[in-house]
Amino acid sequence: MALSYTQHTLEKLESLLKSLGFKLRYEKGNFKTGACILEQSRIIIVNKFSNLENKILSLADLLQNTETDDTLLDEKQKAFLYLLKQTKLEF
């Protein structure tokens, strides 16, 4: 599965993160990546000046490399997370 770089995909990622207990903030910043997690506090900071593709790739990468409790998710979100974890991201 390839991720489509649309606003809808970004919204699905944001909803998934919120359901998993993450707080997502868009801030201007001097950081190079599109997103980062602040010291295990479950707050994700996204560079608001990144383009849509970068935001999606960054959030997807964080989800792929973070331990998640999928019992917090509904069936659609579980399916999306499973597909996301099977997807190879290309930056």
Side-chain angles (χ1 to χ4, degrees):
M1 171 189 129
L3 283 177
S4 58
Y5 303 119
T6 63
Q7 186 64 35
H8 178 68
T9 301
L10 181 61
E11 290 167 2
K12 282 172 62 174
L13 288 167
E14 291 170 346
S15 173
L16 188 60
L17 286 163
K18 185 176 181 182
S19 295
L20 289 168
F22 286 94
K23 291 181 181 162
L24 189 61
R25 293 182 13 202
Y26 287 91
E27 303 284 342
K28 59 183 176 179
N30 194 353
F31 47 100
K32 290 181 175 44
T33 59
C36 64
I37 297 179
L38 293 177
E39 297 181 22
Q40 304 302 322
S41 62
R42 303 191 72 78
I43 296 174
I44 298 174
I45 307 294
V46 179
N47 189 335
K48 74 179 194 176
F49 295 119
S50 293
N51 62 29
L52 183 64
E53 179 179 348
N54 234 2
K55 290 176 186 174
I56 290 170
L57 286 172
S58 297
L59 293 177
D61 183 54
L62 285 173
L63 276 166
Q64 284 183 336
N65 296 306
T66 303
E67 290 294 319
T68 55
D69 180 8
D70 64 359
T71 60
L72 302 170
L73 305 176
D74 64 31
E75 291 305 313
K76 280 181 140 181
Q77 288 176 322
K78 282 181 187 177
F80 180 60
L81 181 61
Y82 176 76
L83 285 174
L84 186 61
K85 291 206 179 235
Q86 305 303 315
T87 302
K88 183 174 190 279
L89 301 175
E90 295 183 23
F91 285 90

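If you take CG on Leu59 and CG on Leu84, they are separated by 10.0 Å, rounding to the nearest 0.5 Å. The CD atom of Glu27 sits 10.0 Å away from the CG atom of Asn47 when rounded to the nearest 0.5 Å. Between the CG atom of Asn54 and the CZ atom of Phe49 there is a distance of 14.0 Å, given to the nearest 0.5 Å.
Summarising the geometry of Lys48 relative to Lys55, their closest heavy-atom pair is O-NZ, 3.6 Å, with the distance given to 0.1 Å. Considering all non-hydrogen atoms of both residues, Thr87 and Leu83 come closest at OG1-O, 2.8 Å.
Under the 4.5 Å side-chain heavy-atom criterion for grouping Ile, Leu, Val, Met, Phe, Trp and Tyr, Leu52 is connected to Leu3 within one hydrophobic cluster. Grouping the Ile, Leu, Val, Met, Phe, Trp and Tyr side chains by contacts below 4.5 angstrom, directly or via other members, places Tyr5 with Val46.
For the side-chain contact (heavy atoms from CB on, under 4.5 Å) test, residues two or more places apart in sequence or in another chain that qualify with Thr71 are Asp69. In this view, Lys85 and Thr68, Leu81 satisfy the side-chain contact (heavy atoms from CB on, under 4.5 Å) rule, not counting sequence neighbours.
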For this session: Apply the test side-chain contact (heavy atoms from CB on, under 4.5 Å) to residues Leu20 and Thr66: give CA-CA distance (whole Å), side-chain angles for both, the deciding distance (0.1 Å), then the verdict.
Result: CA-CA 11 Å; Leu20 289 168; Thr66 303; over 6 Å; no
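Annotation: side chain of Gln86 is in contact with side chain of Tyr82 (closest heavy-atom distance under 4.5 Å). Using a 4.5 Å cut-off on side-chain heavy atoms (C-beta onward), Phe22 and Leu62 make no contact.
Looking at Ser19, its side chain never comes within 3.5 Å of a backbone N or O of Leu73 through a donor-acceptor pair.
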Return a table of donor-acceptor pairs under 3.5 angstrom between the side chains of residues 10-18 and protein atoms on other chains or two or more places apart.
from  : atom 1 : to    : atom 2 : distance (Å)
Glu14 : OE2    : Tyr26 : OH     : 2.4
Ser15 : OG     : Gln77 : NE2    : 3.3

